[in-house]
Amino acid sequence: LIVGNDRPAPIPTALTAPFWEAAARSTLVRQVCGACGQNFFTPRLACPNCLSESWSWEESSGRGRIYSFTVCHRAPVPGFSVPYVLAIVELDEGWSMLTNLVDGEPSEIDIGTQVQVAWLSVADGQTLPVFRLAAAGQ
Ligand SMILES: [Zn+2]
C-alpha cells in the first residue's frame, strides 16, 4: 500500500460505495451487465450498451495495458507531486479507467505497456486504485 495522505479522498455515493468498499480491501471491481455482458466504468445506474438495470459488481484481475497517457507537470489541486503520469488503462476484461501510474519513468511508458493495479492509501482510511508497470512475465 502506497501512502498519499495529501491526496483528495473520494466521496462515495449510494451508487459508488461498493467500488470504494472493494478498493478498501485492495480489490478492483467494475460493473458487468447481466443482460448483454458489457463491462462498464465509471459506475452507472444502467448499462451504457443496452440500458439494462440488471448488473452486478465483479472482481477484476487488475491487469491491463496503457491505452493513452500524459505527463502532468502542474498539479490540479494540492496533494499531487509533480510530475505524475495520468493514464487511461484498458483492463484485460475490456473496460477502462482514468488513473495514475505510480512508478516507472515516463521514458519507460508507452501505449500498450502492461500495467498492474496498486493501491494508494489516502485520507479518511480510503484507498484509490493506481497502476504500476507489470513485472515481466506477469
Ligand atoms: Zn447491457
Side-chain angles (χ1 to χ4, degrees):
L1 204 65
I2 306 153
V3 177
N5 285 326
D6 296 338
R7 290 279 292 269
I11 301 170
T13 65
L15 177 62
T16 64
F19 177 85
W20 296 117
E21 287 162 12
R25 303 188 308 270
S26 300
T27 300
L28 186 64
V29 297
R30 83 293 189 189
Q31 287 167 289
V32 178
C33 179
C36 76
Q38 177 91 20
N39 288 252
F40 55 99
F41 186 84
T42 55
R44 299 166 195 234
L45 290 171
C47 171
N49 185 49
C50 74
L51 302 181
S52 171
E53 293 177 18
S54 171
W55 48 262
S56 57
W57 292 101
E58 303 288 340
E59 191 170 330
S60 167
S61 69
R63 288 189 294 272
R65 292 173 184 274
I66 295 175
Y67 176 82
S68 187
F69 72 99
T70 191
V71 181
C72 299
H73 294 275
R74 187 174 302 210
V77 293
F80 289 80
S81 9
V82 293
Y84 66 93
V85 176
L86 183 67
I88 298 172
V89 169
E90 186 165 51
L91 281 298
D92 285 354
E93 300 90 7
W95 59 289
S96 59
M97 68 185 306
L98 184 66
T99 184
N100 294 150
L101 257 59
V102 291
D103 66 7
E105 294 300 314
S107 62
E108 298 177 280
I109 299 166
D110 205 350
I111 306 301
T113 299
Q114 290 188 307
V115 291
Q116 171 71 47
V117 73
W119 298 96
L120 180 70
S121 172
V122 296
D124 301 334
Q126 300 203 66
T127 307
L128 306 181
V130 292
F131 284 78
R132 56 178 24 143
L133 301 182
Q138 277 192 331

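In listed order, ligands and their atoms are each counted from 1. All of these numbers come straight from a predicted model, not from anything done at the bench.
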- Query: Under the side-chain hydrogen bond (donor to acceptor under 3.5 Å, both in side chains) rule, what pairs show up with a residue in residues 83-94, not counting sequence neighbours?
  - Reply: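 Only S60-E93, S61-E93, E93-W95 qualify under side-chain hydrogen bond (donor to acceptor under 3.5 Å, both in side chains).
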N/O donor to acceptor pairs below 3.5 angstrom from side-chain atoms of residues 65-79, sequence neighbours left out:
from, atom 1, to, atom 2, distance (Å)
R65, NH1, G112, O, 3.1

Is any side-chain heavy atom of [X] closer than 4.5 Å to a side-chain heavy atom of [Y]?
{"X": "L28", "Y": "F131", "answer": "yes"}
{"X": "F80", "Y": "N100", "answer": "yes"}
{"X": "Q31", "Y": "W57", "answer": "yes"}

- Item | side-chain contact (heavy atoms from CB on, under 4.5 Å) partners for A22, two or more places apart |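 side-chain contact (heavy atoms from CB on, under 4.5 Å) check on A22 returns R25, T27, V29.
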- So how many protein N, O or S atoms does the Zn ion (ligand 1) have within less than 2.8 Å?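 Number of qualifying protein atoms: 4.
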